[in-house]
Amino acid sequence: MSRKVGVRRGFTLVELLVVVGIIGILIGLLLPALNKARSAAQTAACLGNLRSIGQAMVMYTAENKGWLPGSGWTTGAMFWNFSTSPPTPANPSPAFSVTNSPGLNESSDWIGPLAREMGYKNAIINGNNDIARYDMYRSLGWMICPSYRQMLVAKGSGSDADALPGQGLSYCTALAFLDRPWETFAAVSKTELNGNLVVPADG
C-alpha cells in the first residue's frame with residue numbers, strides 16, 4: 001500500500017516582493033511620525049535645559065544684587081584693570097589668566113557660576129585648570145541640546161580653552177546685555193576688545 005507524501009511549497013519570488021513592498025510602504029508611513037515624535041522629545045529636553053539655566057540665572061542675580069554672571073564687570077572683573085580707560089587686561093600684577101582663576105574659564109564665563117548655583121561641587125569646575133574645566137562644561141547635560149550633539153568643535157578652533165576636538169556647547173549669552181559702556185574706545189580701533197563690548201561715551 002503506497003503512502004502519499006505531502007509536498008512543501010515555499011514562497012514564490014512574486015510573493016516575497018509583495019511582502020517586501022508592503023513592509024517598505026509601512027516604514028514610509030511610520031518614519032515621519034517617528035521623526036516628529038523624536039523632534040518633539042528633543043524640543044522638550046532642550047526647553048528643560050533652558051528652564052534650568054534660567055532658574056539658575058535668577059537665583060544668581062537674586063544673591064548678587066541683580067548682577068548677571070558672565071560679564072567682564074561682574075564674575076570676570078578679576079581679568080581687568082579698571083584704573084585705565086578703557087579697562088585693560090589685569091597684567092602684570094595682579095595677573096589673572098584662565099590658568100589662575102578658580103571657577104572661571106574666561107572673562108565672559110557664565111557656565112561655572114551657574115553650575116555652582118545648580119549644586120555642582122566638582123573640583124574641576126571650582127579649580128584653575130581651564131582646559132579640564134572647559135571639557136567638563138561640555139559634558140554637562142544641561143549645556144547640550146539633544147539636537148546639537150553632532151556639532152563637534154575641531155582642534156585649534158580659537159577657543160580660550162582648547163580641550164581638543166569634542167562636543168560643542170549648545171547655549172550662549174549675548175555679551176551686549178552683560179557689559180556696560182566703557183568711557184571711550186579712542187585707544188582702540190575697533191568696537192570690541194577681548195570679547196567685551198566697547199561703546200563710545202556719547203553712544
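- Under a hydrophobic clustering in which Ile, Leu, Val, Met, Phe, Trp and Tyr are joined whenever their side-chain heavy atoms come within less than 4.5 Å, directly or via other members, L50 and L114 fall into the same cluster.
- Summarising the geometry of R116 relative to I125, their closest heavy-atom pair is NH1-O, 3.5 Å, with the distance given to 0.1 Å.
- Although no hydrogens or angles enter the test, the distance criterion places a donor-acceptor pair under 3.5 Å between the side chain of N105 and the main chain of D130.
- I111 is not listed as a side-chain neighbour of Y134, based on a closest heavy-atom distance of 4.5 Å or more.
- The OH atom of Y171 sits 8.0 Å away from atom CD1 of I144, with the distance rounded to the nearest 0.5 Å.
- In this structure, L104 and P113 have side chains that are in contact, with non-hydrogen atoms separated by less than 4.5 Å.
- Annotation for C46 and P146: closest pair N-CD, 4.2 Å, computed over non-hydrogen atoms.
- W110 is listed as a side-chain neighbour of I53, based on a closest heavy-atom distance under 4.5 Å.
- The distance from the CD atom of E63 to the OG1 atom of T61 is 8.5 Å, given to the nearest 0.5 Å.
- Counting only distance, with no hydrogens or angles, the side chain of T75 and the backbone of G70 share a donor-acceptor pair below 3.5 Å.
- Contact of the E117 side chain with the Y60 side chain is registered, since non-hydrogen atoms from C-beta on lie closer than 4.5 Å.
- Listed for the R133 side chain is no donor-acceptor partner under 3.5 Å among the backbone atoms of G112.
- Side-chain contact between M57 and P69 is present, with heavy atoms from C-beta onward closer than 4.5 Å.
- With hydrogens and angles disregarded, no donor-acceptor distance shorter than 3.5 Å links the side chain of N129 to the backbone of I124.
- Nearest heavy-atom pair across M118 and S52 is CE-O, 3.4 Å.
- From D109, atom CG reaches atom OG of S71 across 12.0 Å, with rounding to the nearest 0.5 Å.
- Nearest heavy atoms, Y120 versus L140: CE2-CD2, 3.6 Å.
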